[in-house]
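Hydrogens, waters and symmetry mates are skipped; everything else that's a heavy atom, side chains included, is used. Counting from 1, the numbers follow the sequence of the chain as shown. Keep in mind that this is a model prediction, so the values were computed, not measured.
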Amino acid sequence: MQKTIFTKSLRILITSLLLLAVFFQKERSQLLMAVVFLIWLFVIIATFLWKPIRNLINHLKSLAVRGRNTNTRQPMPPACEPERKNTGNPVANPMLHQEELQEHQDEMMLRHIALRITDKLKSAYPHATWQWQGKPLLQNILQGSTVRISVEDMAEFTHADITFDRFGRIHVEPMIIGCFAAPPVPDDTEAVPAEAEPEPPVVDVNVWYELIGQKALENIITELNANGYTKLSIKENGDIVINRQKKESVQATLDAFPGKPYWEELITVLEENELKGKITGSCLQVSWI
């Protein structure tokens, strides 16, 4: 539509300019032609801009009418609000319910972690029991923080540090925490006859080596290797001995040392840790060269 108007107006302009050039003198015709051209240019610009300007004006008017309607709208009086029926039941709080659910989930996770710790300790010390040294937060355990527990029936150990690595594996570091005390005074009362020894419990050799054997053997082997020794022997009672001047010399004693039926499995564990094991009579011989 605008293109048609432009074409028609251009024809009228050309015709007007020709007529002015024919009927008027040169100087006057040029002046009139300039005036006619300016008038035509103004009309064309107004024609092309009139529709956007009209749309803008209509939009501003609609916004003004909408604003007046909003201002004149009255809020609903309180009397018109529907009355709420009081059923006597408290309104459920979704946030409170979610917090209770989260606490229950954390409690269940801590209980599962406690069972894993128990299984780990009893694999090396079948009669071990333990307690949290201050109940930990589940978030701290999941982030790899160290948690301390107090233990009983784990040889001379009184506490242990528990950590979980990023793969979910549990690590236990037994330790002794106590105060200096005088040695116990021998009792003069009659000795009570010892009861029959119970059947030895089943031992998890891998866990025993991780918790007890590895650290003890590494410390002793480091010292012996520096002095030229290449092997040691472990007796059934856990005594670590070496031959010194053709005599046995006890270096240390391993706690809860697995019985002889577990030695073949223990040899496999030693080989995985670059040590060689061999059963020689009533001893387990361990060599590192």
Side-chain angles (χ1 to χ4, degrees), residues 116-128 130 133 144-178 200-289:
R116 289 194 59 190
I117 294 173
T118 299
D119 292 340
K120 189 82 169 180
L121 296 180
K122 286 187 176 293
S123 297
Y125 300 96
H127 303 292
W130 63 277
Q133 204 62 358
S145 301
T146 301
V147 180
R148 180 160 295 176
I149 62 174
S150 58
V151 300
E152 295 181 7
D153 295 330
M154 281 181 55
E156 74 276 13
F157 298 111
T158 60
H159 295 76
D161 281 348
I162 309 295
T163 53
F164 285 84
D165 60 19
R166 60 192 182 95
F167 300 107
R169 296 174 298 195
I170 183 173
H171 299 276
V172 180
E173 184 68 25
M175 60 185 61
I176 301 173
I177 300 177
V202 179
V203 176
D204 189 326
V205 176
N206 287 281
V207 175
W208 174 87
Y209 185 78
E210 179 184 345
L211 295 181
I212 303 173
Q214 184 175 15
K215 186 175 182 180
L217 287 176
E218 285 180 353
N219 293 337
I220 294 174
I221 289 173
T222 300
E223 295 180 3
L224 294 177
N225 185 66
N227 293 332
Y229 291 91
T230 60
K231 61 183 178 180
L232 56 81
S233 297
I234 308 175
K235 293 186 175 183
E236 292 187 58
N237 62 354
D239 288 345
I240 300 176
V241 298
I242 60 172
N243 290 324
R244 179 174 294 172
Q245 297 178 354
K246 297 182 180 181
K247 294 181 180 180
E248 287 186 350
S249 175
V250 179
Q251 302 298 303
T253 301
L254 294 174
D255 295 322
F257 184 62
K260 200 169 184 178
Y262 298 97
W263 286 4
E264 291 292 344
E265 186 179 354
L266 182 56
I267 289 174
T268 303
V269 176
L270 292 173
E271 290 176 352
E272 293 175 355
N273 289 271
E274 301 180 355
L275 297 174
K276 298 177 182 178
K278 182 175 65 173
I279 300 175
T280 57
S282 61
C283 294
L284 175 63
Q285 188 180 91
V286 180
S287 60
W288 50 92
I289 293 180

Inset, instruction - Please indicate whether E271 has more than 12 foreign heavy atoms, meaning atoms of other residues, nucleotides or ligands, lying under 6.0 Å from its CD. - result: yes
Inset, instruction - Give a yes or no on this: more than 12 heavy atoms of other residues, nucleotides or ligands lie within 6.0 Å of atom NZ of K260. - result: yes
Legend entry - Steps toward side chain to side chain contact (heavy atoms under 4.5 Å, CB included) verdict (N243, E248): CA-CA 5 Å; N243 290 324; E248 287 186 350; 3.9 Å; yes
Inset, instruction - May I ask you to decide if L275's main-chain N or O and N273's side chain share a donor-acceptor pair within less than 3.5 Å? - result: no
Inset, instruction - Look at the side chain of T158 and the backbone N and O of I177, then say whether any donor-acceptor pair between them is shorter than 3.5 Å. - result: yes
Inset, instruction - Mark yes or no for whether W208, through its side chain, and D255, through its backbone, hold a donor-acceptor pair below 3.5 Å. - result: yes
Inset, instruction - Please round to the nearest 0.5 Å and tell me the distance separating atom CZ of R116 and atom OG1 of T118. - result: 11.5 Å
Legend entry - Heavy-atom pair of closest approach, residues A256 and A124: CB-O, 3.6 Å
Inset, instruction - First locate atom OG of S287, then atom NZ of K276, and finally report the distance between them rounded to the nearest 0.5 Å. - result: 6.0 Å
Legend entry - Distance (rounded to the nearest 0.5 Å) between L284 CG and Y262 OH: 15.5 Å
Legend entry - Candidate pair Q133 and I149, rule side chain to side chain contact (heavy atoms under 4.5 Å, CB included), full reasoning: CA-CA 5 Å; Q133 204 62 358; I149 62 174; 5.5 Å; no
Inset, instruction - Name the orientation class of the two ring planes belonging to W263 and F257 (parallel below 30°, tilted from 30 to 60°, perpendicular beyond 60°). - result: tilted
Legend entry - Atom pair CD (E173) and CZ (F157), whose distance is rounded to the nearest 0.5 Å: 8.5 Å
Legend entry - N237, I234, D239 screened by side-chain contact (heavy atoms from CB on, under 4.5 Å) with L254, the one that passes: I234
Legend entry - Heavy-atom pair of closest approach, residues I221 and W288: CG2-CD2, 3.6 Å
Legend entry - K122 side chain vs A128 backbone, donor-acceptor pair below 3.5 Å: yes
Legend entry - Presence of salt bridge, R169 and E210, under 4.0 angstrom: no
Legend entry - Spacing of CD1 belonging to I170 relative to OG1 belonging to T163, to within rounding of 0.5 Å: 8.0 Å
Inset, instruction - Return yes when atom CD of E156 has more than 12 non-hydrogen atoms of other residues, nucleotides or ligands closer than 6.0 Å, and no otherwise. - result: yes
Inset, instruction - Check whether any side-chain heavy atom of D119 lies under 4.5 Å from a side-chain heavy atom of V207, and answer yes or no. - result: no
Inset, instruction - For residues C283 and K235, report the shortest heavy-atom separation together with the two atoms involved. - result: SG-CG, 3.8 Å
Legend entry - Non-hydrogen atoms of V172 and K120 that approach each other most closely: CG2-CG, 3.7 Å
Inset, instruction - With the side chain counted from C-beta on, respond yes when L121 and M154 share a heavy-atom pair under 4.5 Å apart, and no when they do not. - result: yes
Inset, instruction - Start with the C-alpha gap between N225 and I289, add the side-chain angles, then the distance that decides, and say whether side chain to side chain contact (heavy atoms under 4.5 Å, CB included) holds. - result: CA-CA 9 Å; N225 185 66; I289 293 180; 3.8 Å; yes
Inset, instruction - Drop me the distance from I240's CD1 to I220's CD1, to the nearest 0.5 angstrom. - result: 3.5 Å
